[in-house]
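Whatever order the structure lists them in is the order used to number ligands and atoms, beginning at 1. These numbers were taken from a predicted model, which means no experiment stands behind them.
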Amino acid sequence: MAYSVMMVFGTRPEAIKMAPLAQVLRQWPDLDLNICSTGQHREMLQQVLRDFGLSVDEDLHVMTQNQTLNGLSQQLLERLDTTYARIKPDIVLVHGHTTTSFIAALAAFYRQIPIGHIEAGLRSGNLKSPWPEEANRRMTGVIADLHFPPTERARDNLLRDGVAAENIEVTGNTVIDALFWMREHLKKSGWKPASDSPLAQLRSDQRLVLITGHRRENFGQGFERICLALAELALRYPDVQFVYPVHLNPQVQKAVYGLLSHQSNILLVPPQDYQHFVWLMDRAYLVLTDSGGVQEEAPALGKPLLVLRKVTDRHTVLEGGTVKLVGTQTERIVKETSLLLDDADAYQRMCRVFSPYGDGHASERIAERLSLWLEEHAGESEAP
Ligand code: UD1
Ligand code: UDP
């Protein structure tokens, strides 16, 4: 008998990290995979589906411009409930910490459908940062049946929260599966940005600083301070190219384009599809980000990384000495970036491949444990 596995995702990072797992599960004997996109993101999700050749079976189309978290949650809960009632999956797989993840888990819990949580157990220890993601991840952990933390440290966090050891499988993070797959694909095909891409104008004889930033807790003054730092750095280093793919959230667009569009060595570009973005990371001299996924990817590529957050839920990455938590104060960002641009020794010390979040085989480990778990448990709970 084939078990029905429903994977739910809705945002760019979830799709990137679920894509390699979907590829493995599609080939796995005795598993019938159904992919449900909530559509929490529209354009940014389409890019990922295209890059990985993924097709979705259910699309809930929830995104609206400037959506509120409560409005989004209400739509998600209703539409997911109807979908679960129709498909009756044996297990629902969710990823990480977005509103899609938590609400998809909650809707499954209320229907007594088991939940598998990928990228479980990361903790910043601060409910306000990342907000609302720290709470989303913790609440998902409370109701999940099977937990797939990327690291031992994340496993310990789950044990401390009272999760039974037999329901935890440390697997590494599937983002590294996606990253290594894409890097290999780019290398093999000798891929370069097309001549009509804004990235084609980048000069290979100049250093490139790659920036991303979109966190809600940084909206307002946090973003202003980050942008002021970038403006100052661009003036101070006219021979360095600063490239910022700007997230489609209108709050981010307004702040970034408002404060940075006048600077000739800052290239503001639309969100890049995964192949362009991996190419950019690989090409970068250093990376500045408040993103979760980029904190795992850049060190795995050996790129020095400055994290634009006060606290991180990726503590393990700080242990390798290639990543620094610099916060969102203008002076500190300027100082730490300048150090890496001016001091070759300081730069070299942070320039080393470090990948505590995975070896590129997390998806196989998840699939293996998942199919065993389904054999042991499926049918135990009767969905109402
Ligand atoms: C969401 C996640 C965050 C994740 C981020 C990744 C929550 C609460 N937040 O934040 O954890 O780090 O995605 O990018 O789940 N928009 C578009 N097109 C798109 C995507 C977004 O226009 O393809 C605009 C829309 O106006 C939308 C807004 O961005 O309303 C915000 O999107 P939303 O998913 O609510 O929040 P993010 O800030 O993207
Ligand atoms: N990313 C991308 N294009 C971009 C910026 C980021 O493909 O223009 C990828 C990045 O490599 C990582 C993921 O998107 O895998 C991170 O997504 P995001 O920063 O939106 O979310 P977070 O990880 O913070 O939840």
Q | Polar side chain donor-acceptor pair, T100 to T38, under 3.5 angstrom | A | yes
Q. Quick one: which ligand 1 atoms are inside 4.0 Å of a heavy atom on L248?
A. 16 (N), 17 (C), 18 (N), 19 (C), 22 (O), 23 (O), 24 (C), 29 (O)
(Q) Any donor-acceptor pair under 3.5 Å linking the side-chain atoms of Q206 with those of D239? (A) no
(Q) Give me the nearest non-hydrogen protein atom to atom 33 (P) of ligand 1 as residue plus atom name, then the distance to 0.1 Å. (A) Q67 NE2, 3.3 Å
Q: For the pair K17 and E296, evaluate salt bridge (charged side-chain N to carboxylate O under 4.0 Å, His left out) and give the outcome as yes or no after the intermediate values.
A: CA-CA 12 Å; K17 295 172 182 189; E296 294 162 341; 3.8 Å; yes
Q: Please say whether D273 places an N or O atom under 3.5 Å from an N or O atom belonging to ligand 2.
A: no
(Q) If we set the cut-off at 4.0 Å for heavy atoms, which region of S291 has an atom near ligand 1: side chain, backbone, both, or neither? (A) neither
Q. Just which atoms of ligand 1 are under 4.0 Å from any heavy atom in R42?
A. 19 (C), 23 (O)
Q | Test item, H276 contacting ligand 2 (heavy atom, 4.0 angstrom) | A | no
(Q) To check your reading of the model: name the closest protein heavy atom to atom 27 (C) of ligand 1, its residue, and the distance in Å. (A) T64 O, 3.7 Å
Q. Considering only heavy atoms, does H97 approach ligand 2 within less than 4.0 Å through its side chain, its backbone, both, or neither?
A. side chain
Q. What is the closest protein heavy atom to atom 3 (N) of ligand 2, and at what distance does it sit?
A. Q272 O, 2.7 Å
Q.
Strictly distance-based, threshold 3.5 Å: is any side-chain N or O of N34 a donor or acceptor partner for the main-chain N or O of M6?
A. no
Q) Would one find an N or O of R309, backbone or side chain, under 3.5 Å from an N or O of ligand 2? A) no
(Q) Does any N or O of ligand 2 fall below 3.5 Å from an N or O anywhere on M281, backbone included? (A) no
Q. Taking non-hydrogen atoms only, is K17 closer than 4.0 angstrom to ligand 2 via side chain, backbone, both or neither?
A. neither
Q.
I need the nearest protein heavy-atom contact for atom 24 (O) of ligand 2: residue, atom name and distance, please.
A. G292 N, 2.8 Å
Q. Just which atoms of ligand 2 are under 4.0 Å from any heavy atom in P271?
A. 8 (O)
Q. What part of E297 sits under 4.0 Å from ligand 2 if we count only heavy atoms: the side chain, the backbone, both or neither?
A. side chain
Q: Give a yes or no on whether the backbone of L372 and the side-chain of E375 come within a donor-acceptor separation of less than 3.5 Å.
A: no
Q: Have a look at ligand 2 and work out which part of P245, if any, has a heavy atom under 4.0 Å from it: side chain, backbone, both or neither.
A: side chain
(Q) Would H247 count as being in polar contact with ligand 2, using the rule that some N or O on each side must be under 3.5 angstrom apart? (A) no
Q | Residue pair T312 / Q295, side-chain donor-acceptor N/O under 3.5 Å | A | yes
Q: Check the side chains of N218 and R215 for a donor-acceptor pair under 3.5 angstrom, ignoring hydrogens and angles.
A: no
Q) Short question: side chain of Q67, backbone of Q40 - any donor-acceptor pair under 3.5 Å? A) yes
Q | Nearest non-hydrogen protein atom, atom 16 (C) of ligand 2 | A | S291 OG, 3.7 Å
Q. What is the closest protein heavy atom to atom 21 (O) of ligand 2, and at what distance does it sit?
A. P13 CG, 3.3 Å
Q) Would you call the rings of H377 and W373 parallel, tilted or perpendicular if under 30° counts as parallel and over 60° as perpendicular? A) parallel
(Q) So, 4.0 Å and heavy atoms of V252: is ligand 1 close enough to count as a contact? (A) no
(Q) I'd like to know if the side chain of R42 pairs up with that of Q46 as donor and acceptor (distance under 3.5 Å, no hydrogens or angles considered). (A) no
(Q) Is it the case that ligand 1 has an N or O less than 3.5 angstrom from some N or O of R12? (A) no
Q: Assess whether salt bridge (charged side-chain N to carboxylate O under 4.0 Å, His left out) is satisfied between E217 and K310, documenting all intermediate values.
A: CA-CA 10 Å; E217 67 273 14; K310 290 188 201 111; over 6 Å; no
Q | Residue pair R225 / T328, side-chain donor-acceptor N/O under 3.5 Å | A | yes
Q) Any N or O on D290 sitting closer than 3.5 Å to an N or O of ligand 2? A) no
Q) What protein heavy atom sits nearest atom 4 (C) of ligand 1, and how far off is it? A) H214 NE2, 3.9 Å
Q.
Students should be able to answer this: which protein heavy-atom is nearest to atom 34 (O) of ligand 1, and at what distance?
A. Q40 NE2, 2.8 Å
(Q) What protein heavy atom lies closest to atom 38 (O) of ligand 1? Include the residue and the distance to one decimal. (A) N249 ND2, 3.0 Å
Q | Sub-4.0 Å heavy-atom approach of R215 to ligand 1 | A | yes
(Q) With heavy-atom distances below 4.0 Å as the criterion, list the atoms of ligand 1 near T99. (A) 7 (C), 8 (C), 15 (O)
(Q) Tell me if a side-chain donor or acceptor on T11 pairs with a main-chain N or O of H41 at a distance below 3.5 Å. (A) no
(Q) Would T212 count as being in polar contact with ligand 2, using the rule that some N or O on each side must be under 3.5 angstrom apart? (A) no
Q.
Show me which atoms of ligand 1 lie under 4.0 Å from any heavy atom of L69.
A. 8 (C)
Q: State whether a side-chain donor-acceptor pair under 3.5 Å links E134 with S129.
A: no
Q | Contact summary for V92 and A104, nearest pair of heavy atoms | A | CG1-O, 4.5 Å
Q.
Could you identify the single nearest non-hydrogen protein atom to atom 21 (C) of ligand 1 and state the distance to 0.1 Å?
A. H41 CD2, 3.6 Å
Q) Nearest protein heavy atom to atom 18 (P) of ligand 2, by residue and atom, and its distance? A) H214 CE1, 3.6 Å
Q: Please could you name the atoms of ligand 1 that P132 approaches to less than 4.0 Å, counting only its heavy atoms?
A: 8 (C)
Q. In the protein, what heavy atom is nearest to atom 23 (O) of ligand 2, and what distance, to one decimal place, separates them?
A. G293 N, 2.7 Å
Q: Can you pull out the closest protein heavy atom to atom 18 (N) of ligand 1? Residue, atom name and distance to 0.1 Å, please.
A: E43 OE1, 2.6 Å
Q | Heteroatom distance test (I16, ligand 2): nitrogen or oxygen, under 3.5 angstrom | A | no
Q. Looking only at non-hydrogen atoms, which of G96, A135, P13, A15 approaches atom 6 (C) of ligand 1 most closely?
A. P13
Q. With ring centroids as reference points, do F52 and Y274 lie under 6.0 angstrom apart?
A. yes
Q. What class does the angle between the rings of H247 and H214 fall in, given that below 30° is parallel, 30 to 60° is tilted and above 60° is perpendicular?
A. parallel
Q) Any idea which protein heavy atom is nearest atom 11 (O) of ligand 1, and the distance to it? A) E133 OE2, 2.5 Å
Q: Give the residue, atom name and distance (to 0.1 Å) of the protein heavy atom nearest atom 1 (N) of ligand 2.
A: F277 CD2, 3.6 Å
Q | Nearest candidate to atom 16 (N) of ligand 1, where distance is taken over non-hydrogen atoms, out of M63, M44, Q46 | A | M63
Q) Is the W131 to H97 ring centre distance short of 6.0 Å? A) no
Q: Check the side chains of S4 and D90 for a donor-acceptor pair under 3.5 angstrom, ignoring hydrogens and angles.
A: no
Q. For atom 20 (O) of ligand 2, which protein heavy atom lies nearest, and how many Å away is it?
A. R12 NH2, 2.8 Å
Q. What are the atoms of ligand 1, with element, lying closer than 4.0 Å to any heavy atom of T98?
A. 11 (O), 15 (O)
Q. Would L370 and Y3 satisfy side chain to side chain contact (heavy atoms under 4.5 Å, CB included), going step by step from the backbone distance to the final call?
A. CA-CA 10 Å; L370 176 68; Y3 297 108; over 6 Å; no
